[in-house]
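Step one of this worksheet: look at the structure below.
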Amino acid sequence: MVVANAVAALAEIQDSSARPIFEITSHTLTKLLTALNECTEWGQVFILDSLSRYKATDARDAENIVERVTPRLQHANCAVVLSAVKIILLQMELITSTDVVRNLCKKMAPPLVTLLSAEPEIQYVALRNINLIVQKRPTILAHEIKVFFCKYNDPIYVKMEKLEIMIKLASDRNIDQVLLEFKEYATEVDVDFVRKAVRAIGRCAIKLERAAERCISVLLELIKIKVNYVVQEAIIVIKDIFRRYPNTYESIIATLCESLDTLDEPEAKASMIWIIGEYAERIDNADELLESFLDTFPEEPALVQLQLLTATVKLFLKKPTEGPQQMIQ
């Protein structure tokens with residue numbers, strides 16, 4: 001009780017002070033680890049958080065700390081679990097044995113998954129942390145992608161975070177499942193969520209070369225539904241896919257051109273204009289298509305105006321005829 005409260009007080013003083021006040025030595029480390037077993041749950045959180053500032057001297061020291069902290073992963077309090085995960089991840093930097101690291105990764109997955117069955121507010125905090133963990137050590141949750149699939153009653157802020165993590169965990173092994181999920185999300189009612197889902201499909205295409213073709217066919221299916229904001233998001237991500245894999249998927253340009261009249265958002269317009277300019281030599285009526293944008297040129301935002309300028313010059317360089325020349329002038 002005394003140790004935990006002393007640690008809490010020192011941590012608070014340290015937060016508001018620039019000079020080092022509370023430094024943990026190997027001597028205090030042992031005392032804190034011993035106190036850990038007898039504290040209340042919030043006492044444990046204070047101690048674990050202060051331990052995360054301790055720099056272990058070598059791999060053996062780090063393994064010793066991890067060994068003492070690992071039982072905390074089974075705790076019922078989510079704060080204790082996350083604080084323990086934080087320490088383990090920090091100490092893993094020093095551990096050299098691959099077997100130890102692999103075992104720790106295995107041990108951390110179940111408690112993190114369990115956090116996702118808590119109430120939405122706690123799920124959100126857990127997901128924000130998992131998002132960082134997955135960037136550092138993707139192997140921990142590589143096989144757990146299913147727990148990040150969105151449930152129909154998840155609040156929007158939880159769904160958005162789950163989407164982010166699914167993109168990071170997507171791999172050649174699970175991409176088919178992931179694409180099915182994203183396709184499903186793209187027909188939901190919440191516009192922001194739908195947009196993010198469409199973007200997610202594009203990001204997976206850019207991340208996984210082998211799956212790019214499957215991602216594009218899903219995007220084309222979504223364009224065919226003709227929901228305005230879905231079409232616009234799809235065009236934005238297809239532009240990025242074209243830039244990532246030049247001269248591979250241009251056969252779909254004709255399908256994109258069918259949706260020209262429906263574009264009303266600057267980013268989508270700019271993306272479509274970029275596509276027309278970049279592939280002007282493959283689009284028979286490229287000059288007509290660009291001309292349709294020129295009528296509203298003065299009212300367009302800078303993003304669209306600049307793309308139009310670049311695209312028209314590209315068109316002129318590829319087809320140096322009178323039409324494009326007049327357009328530039």
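- A 4.5 Å side-chain heavy-atom check between Phe22 and Val7 finds at least one atom pair inside the cut-off.
- A salt bridge does not link Lys319 with Glu281: none of the charged nitrogens is closer than 4.0 Å to a carboxylate oxygen.
- With respect to Asp172 and Arg210, a salt bridge is recorded, a charged nitrogen being found less than 4.0 Å from a carboxylate O.
- With no hydrogens or angles considered, a side-chain donor-acceptor pair links Tyr185 and Glu181 at under 3.5 Å.
- Residues Glu267 and Ile236 approach most closely at OE2-CG2, 3.6 Å, considering heavy atoms.
- Between Ile328 and Leu309, every side-chain heavy-atom pair lies at or beyond the 4.5 Å cut-off.
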Practice task
For side chain to side chain contact (heavy atoms under 4.5 Å, CB included), just list the numbers for Ile241 and Leu219, CA-CA rounded to whole Å, side-chain angles, deciding distance to a tenth of an Å, and then say yes or no.
Solution key: CA-CA 11 Å; Ile241 295 172; Leu219 287 169; 3.8 Å; yes

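- Linking Ile, Leu, Val, Met, Phe, Trp and Tyr whenever their side-chain heavy atoms come within less than 4.5 Å leaves Leu306 and Val304 in two separate clusters.
- In this structure, Leu303 and Ala270 approach most closely via the heavy-atom pair CG-CB, 3.9 Å.
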Problem - Residue pair Asn228, Glu265: steps toward the side-chain hydrogen bond (donor to acceptor under 3.5 Å, both in side chains) verdict - result: CA-CA 10 Å; Asn228 192 348; Glu265 288 170 19; over 6 Å; no

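- Hydrophobic clustering keeps Val66 apart from Leu90 (ILVMFWY residues linked when any side-chain heavy atoms are closer than 4.5 Å, directly or through intermediates).
- Under the 3.5 Å distance criterion, with hydrogens and angles disregarded, a donor-acceptor pair is assigned to the side chains of Asn37 and Arg72.
- Contact annotation: the side chain of Glu233 never approaches that of Lys196 to less than 4.5 Å [non-hydrogen atoms, C-beta and beyond].
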Donor-acceptor pairs under 3.5 Å, side chain of residues 140-148 to any protein atom, not counting sequence neighbours: which ones?
{"residue": "His143", "atom": "ND1", "partner": "Arg173", "partner atom": "NH2", "Å": "3.3"}

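- Between the side chains of Thr25 and Thr28, at least one donor N or O lies within less than 3.5 Å of an accepting N or O.
- In this structure, Phe182 and Met166 have side chains that are in contact, with non-hydrogen atoms separated by less than 4.5 Å.
- Looking only at atom types and distance, the side chain of Ser83 has a donor-acceptor partner in the side chain of Asp49 under 3.5 Å away.
- Looking only at distances, a side-chain donor or acceptor of Asp190 sits under 3.5 Å from a matching main-chain atom of Phe193.
- Under the 4.5 Å side-chain heavy-atom criterion for grouping Ile, Leu, Val, Met, Phe, Trp and Tyr, Ile130 is not connected to Leu132 through any hydrophobic cluster.
- Under the 4.5 Å side-chain heavy-atom criterion for Ile, Leu, Val, Met, Phe, Trp and Tyr, Phe297 and Leu289 are members of the same hydrophobic cluster.
- With respect to the salt-bridge test (charged N to carboxylate O, under 4.0 angstrom), the residues Glu63 and Arg68 do not qualify.
- The environment of Gln135 atom CD is dense: over 12 non-hydrogen atoms of other residues, nucleotides or ligands sit within 6.0 angstrom.
- Scanning for ring-ring contact (aromatic ring centres under 6.0 Å, His included) contacts around Tyr124 gives Tyr157, with sequence neighbours left out.
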Handout entry: Steps toward side chain to side chain contact (heavy atoms under 4.5 Å, CB included) verdict (Thr34, Lys31)
Key = CA-CA 5 Å; Thr34 313; Lys31 291 193 171 173; 5.5 Å; no

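- If you take CD1 on Ile65 and CG on Leu29, they are separated by 5.0 Å, rounding to the nearest 0.5 Å.
- In plain terms, the two heavy atoms of Met327 and Leu290 that are nearest each other are CE-CB, 3.5 Å.
- Shown here for Ala212 and Ala205, the closest heavy-atom pair between the two residues is CB-O, 3.8 Å.
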Practice task
Apply the test side chain to side chain contact (heavy atoms under 4.5 Å, CB included) to residues Leu51 and Leu32: give CA-CA distance (whole Å), side-chain angles for both, the deciding distance (0.1 Å), then the verdict.
Solution key: CA-CA 8 Å; Leu51 285 176; Leu32 290 178; 3.9 Å; yes

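- For NZ of Lys107, the number of neighbouring non-hydrogen atoms (other residues, nucleotides, ligands) closer than 6.0 Å is 12 at most.
- Counting heavy atoms from C-beta on, the side chains of Tyr152 and Glu188 never come closer than 4.5 Å.
- Shown here is Arg243, whose CZ atom has no more than 12 heavy atoms of other residues, nucleotides or ligands within 6.0 Å.
- Heavy atoms of other residues, nucleotides or ligands lying less than 6.0 angstrom from CD of Glu93 number more than 12.
- By the neighbour-count criterion of 12 heavy atoms within 6.0 Å, atom CZ of Arg53 is densely surrounded, having more than that number from other residues, nucleotides or ligands.
- Within 6.0 Å of atom CD in Glu184, 12 or fewer heavy atoms from other residues, nucleotides or ligands are found, so the atom counts as exposed in its surroundings.
- At least one side-chain heavy atom of Leu263 sits under 4.5 Å from a side-chain heavy atom of Gln232.
- In this view, Phe242 and Tyr279 satisfy the ring-ring contact (aromatic ring centres under 6.0 Å, His included) rule, not counting sequence neighbours.
- Between Arg102 and Asp99 a salt bridge is recorded (basic side-chain N to carboxylate O distance below 4.0 Å).
- Under the 4.5 Å side-chain criterion, counting only non-hydrogen atoms from C-beta, Val227 is not in contact with Thr187.
- In terms of modelled atom types and a separation under 3.5 Å, the side chain of Lys207 and the main chain of Ile167 share a donor-acceptor contact.
- Across Ile175 and Ala170, no two heavy atoms sit closer than the pair CD1-CB, 4.4 Å.
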Exercise for the section: Determine, stepwise, if the pair Leu116 / Leu127 fulfils side chain to side chain contact (heavy atoms under 4.5 Å, CB included). Expected result: CA-CA 8 Å; Leu116 296 183; Leu127 288 164; 3.6 Å; yes

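- A distance of 11.0 Å separates CD in Gln326 from CZ in Phe316, rounded to the nearest 0.5 Å.
- Between Met92 and Arg137 there is a side-chain heavy-atom pair separated by less than 4.5 Å.
- By the 6.0 Å contact criterion, CD on Glu67 is open, its count of non-hydrogen atoms from other residues, nucleotides or ligands being 12 or less.
- In this structure, Leu315 is a member of the same hydrophobic cluster as Leu294, with clusters built from ILVMFWY side-chain heavy atoms closer than 4.5 Å.
- Minimum heavy-atom separation, Ile283 to Ile276: CD1-CA, 3.8 Å.
- For the pair Asp61 (side chain) and Thr57 (backbone), a donor-acceptor distance under 3.5 Å is present.
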